[in-house]
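What follows is one structure encoded as structure tokens, with my remarks underneath.
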Amino acid sequence: PWTVKDKSGFIQTPQDFWNVDAADPLVHSARFFYGPMLQGRDGIGACPCCGTGVVFKRDALVSLGGQSYGSITEDYNTAMNMLGSGFATMFLNERLVFGMA
């Protein structure tokens with residue numbers, strides 16, 4: 001069963017789109033990344049931050065001095081800083097965020 005990890009820094013949820021044709025093979029390839037791949041990373045407490053659909057724990061983010069900046073991958077860098085500081089990261093495979101492709 002899915003449970004909140006001790007010293008969790010953030011929860012990542014899948015990114016999904018409301019206007020994608022069900023027959024589109026490329027968009028649905030993201031289901032592997034936002035499914036088995038991130039579920040596996042969640043199992044070891046090392047899910048990357050993917051930007052959209054993430055919820056940070058405020059005290060964890062403040063303890064790092066805020067979100068990383070100075071890179072086009074500030075979301076991923078923030079996740080690596082959290083992991084390096086002893087925080088766990090989590091993935092909840094529940095579609096809560098829907099954008100337009």
Inset, instruction - Using side chain to side chain donor-acceptor pair (under 3.5 Å) as the criterion, list what pairs up with Arg95, not counting sequence neighbours. - result: Asp16
[atom1]/[X] to [atom2]/[Y] distance, rounded to the nearest 0.5 angstrom?
| X | Y | atom1 | atom2 | value |
| --- | --- | --- | --- | --- |
| Asp42 | Gln12 | CG | CD | 11.0 Å |
| Leu64 | Asn77 | CG | CG | 12.0 Å |
| Ile11 | Thr13 | CD1 | OG1 | 9.0 Å |
| Phe33 | Cys50 | CZ | SG | 4.0 Å |
| Glu74 | Asn81 | CD | CG | 12.0 Å |
| Gln15 | Leu96 | CD | CG | 12.5 Å |

For residues 52-59, run the donor-acceptor check on the side chains, cut-off 3.5 Å, and write out each pair with its distance to 0.1 Å, sequence neighbours left out.
none

Inset, instruction - Show the numbers, then the answer: is there a side-chain contact (heavy atoms from CB on, under 4.5 Å) between Met90 and Phe10? - result: CA-CA 6 Å; Met90 302 170 55; Phe10 67 79; over 6 Å; no
Inset, instruction - For atom CG of Asn19, decide whether the heavy atoms of other residues, nucleotides or ligands shown that lie under 6.0 angstrom number more than 12. - result: yes
Legend entry - Ile72, CD1 atom: more than 12 neighbouring heavy atoms under 6.0 Å: no
Nearest atoms (heavy-atom pairs only) where [X] meets [Y]:
| X | Y | answer |
| --- | --- | --- |
| Pro48 | Leu38 | CD-CD2, 3.6 Å |
| Cys49 | Ala79 | N-CB, 3.5 Å |
| Gly35 | Phe91 | O-CE2, 4.2 Å |
| Tyr34 | Pro14 | CD2-CA, 3.5 Å |
| Lys7 | Gly86 | CD-O, 3.5 Å |
| Ala60 | Gly9 | CB-CA, 3.8 Å |

Legend entry - Phe17 vs Met100 side-chain heavy atoms within contact, under 4.5 Å: no
Legend entry - Ser85 side chain to Met82 backbone, donor-acceptor under 3.5 Å: no
Legend entry - Backbone N/O of Ser68 and side chain of Thr78: donor-acceptor pair under 3.5 Å: yes
Legend entry - Residue pairs involving residues 58-78 (criterion ring-ring contact (aromatic ring centres under 6.0 Å, His included); sequence neighbours excluded): none
